[in-house]
Amino acid sequence: MTRRNLAIKLIINKSLSTSGDAAFFSQLTEACPLHARQFFPAEKAHLIISSASIAVAVGVVGVAYGAVSVEAGLPVWFAPLLGVLVLAASSEMLFVGLLASGGSPIVAAVAALTVNSRHLPYGLAVSDVVGRRWPRYLWIHLINDESVAFAAAQRSQQSRRFAYACVGIGILVAWPIGALVGSLVGQAFDVTIIGLDAVFLAVILALVISALRDSNTRLGFVVGVIVAVACAPWVPTGVAPLMALVALPLMGIRQPTSAPESRNEASDG
């Protein structure tokens, strides 16, 4: 059996089994010719395919983002251009969402910058990846949740840079393209009829739900919602979500540990 046929057989077997990804990519790399293995070892192949999967998912979200931006009255070119220059999906979606609800552009920009402030610690986390010379300013533009997470999960600096580049470049390409497709779709169809507006809200909810596992986050979330809902009738459109930021300190409260109780139980025993 040739290496090409063996590689095809491994891919088919993977689609029909539940074996681990690491073992699969190792076997697939071994099935490839020697010159291909030198350029794409198992670890890099895994990162490339994972990066491509993330890029596709981000592109799908970008379609909803572009459609909603056009529905809000923004021009077709706005969402793709913002996607290239800002490249921060959650901030862009918040900005467009506030504009769509009738909020002030200044309030929307402040809210988006507040959300994007998380990139400050991200930059410290990947300082060794972006380098120190002038090209670092190009690499800094690729900082986002996914690229930083993938880079942090790698052991060697070379692997960190490769993971950061794969994920970052993939999102840089997929996000604006998705936004452009969505803008064109939103211009041609009613997004409420085809359901793209629901996708937009579902993505925001998905971003929040995973963080609610932490009790402090849940407390801050509930208090923030109460504050925002209470202020909504009395403040300009788009300001209520910013008022919810008063609940942020609650997320930093440390839960009491059970160490003293454990020591008391030990002493009683």
Side-chain angles (χ1 to χ4, degrees), residues 54-120 122 137-138 140-147 167-209 224-225 228-229 231-245:
I54 291 175
V56 171
V58 168
V60 172
V61 177
V63 173
Y65 160 64
V68 172
S69 68
V70 171
E71 184 72 10
L74 298 172
V76 173
W77 53 264
F78 184 84
L81 181 62
L82 199 66
V84 172
L85 298 180
V86 178
L87 195 62
S90 56
S91 297
E92 294 174 48
M93 290 190 293
L94 177 62
F95 179 77
V96 171
L98 289 176
L99 291 182
S101 64
S104 166
I106 296 178
V107 173
V110 171
L113 288 174
T114 302
V115 172
N116 227 27
S117 63
R118 71 189 190 284
H119 283 200
L120 295 175
Y122 283 177
Y137 298 105
L138 299 177
I140 288 173
H141 189 57
L142 301 180
I143 291 180
N144 53 59
D145 300 338
E146 295 82 2
S147 62
V167 177
I169 293 174
I171 292 177
L172 177 61
V173 173
W175 177 248
I177 290 178
L180 176 60
V181 172
S183 298
L184 295 175
V185 171
Q187 190 179 41
F189 303 97
D190 186 354
V191 297
T192 59
I193 294 177
I194 59 180
L196 284 179
D197 56 330
V199 173
F200 187 80
L201 295 175
V203 170
I204 298 294
L205 183 61
L207 293 173
V208 173
I209 275 185
V225 168
V229 172
C231 293
W234 312 102
V235 297
T237 303
V239 176
L242 294 180
M243 302 296 292
L245 295 177

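- Between the OG atom of Ser147 and the OH atom of Tyr122 there is a distance of 9.0 Å, given to the nearest 0.5 Å.
- Between Pro80 and Leu180 the shortest heavy-atom distance is CG-CA, 3.5 Å.
- Here the CG-CD1 distance, from Asp145 to Ile54, works out to 10.5 Å after rounding to the nearest 0.5 Å.
- Note: Leu82 CG to Met93 CE = 12.0 Å, rounded to the nearest 0.5 Å.
- In terms of heavy atoms, Val84 sits closest to His141 at O-NE2, 2.7 Å.
- Leu94 contributes atom CG, which lies 9.5 Å from atom CG of Leu99 (distance to the nearest 0.5 angstrom).
- When every heavy atom of His119 is checked against every heavy atom of Ile143, the shortest pair comes out as CE1-O, 3.4 Å.
- Across every non-hydrogen atom of Ala112 and Ser91, the tightest pair is O-OG, 3.1 Å.
- Put simply, the side chain of Phe95 does not reach to within 4.5 Å of the side chain of Val115, judged on heavy atoms.
- Remark: Ile106 CD1 is loosely packed, at most 12 non-hydrogen atoms of other residues, nucleotides or ligands lying under 6.0 Å away.
- In this structure, CG in Leu142 is found 10.0 Å from CD1 in Ile140, a value given to the nearest 0.5 Å.
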Please list every donor-acceptor pair under 3.5 Å in which a side-chain atom of residues 168-175 meets a protein atom from a residue at least two apart or in another chain.
| from | atom 1 | to | atom 2 | distance (Å) |
| --- | --- | --- | --- | --- |
| Trp175 | NE1 | Glu92 | OE1 | 3.0 |
| Trp175 | NE1 | Glu92 | OE2 | 3.3 |

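- Ser69 and Ala79 get closest at one heavy-atom pair: OG-CB, 3.4 Å.
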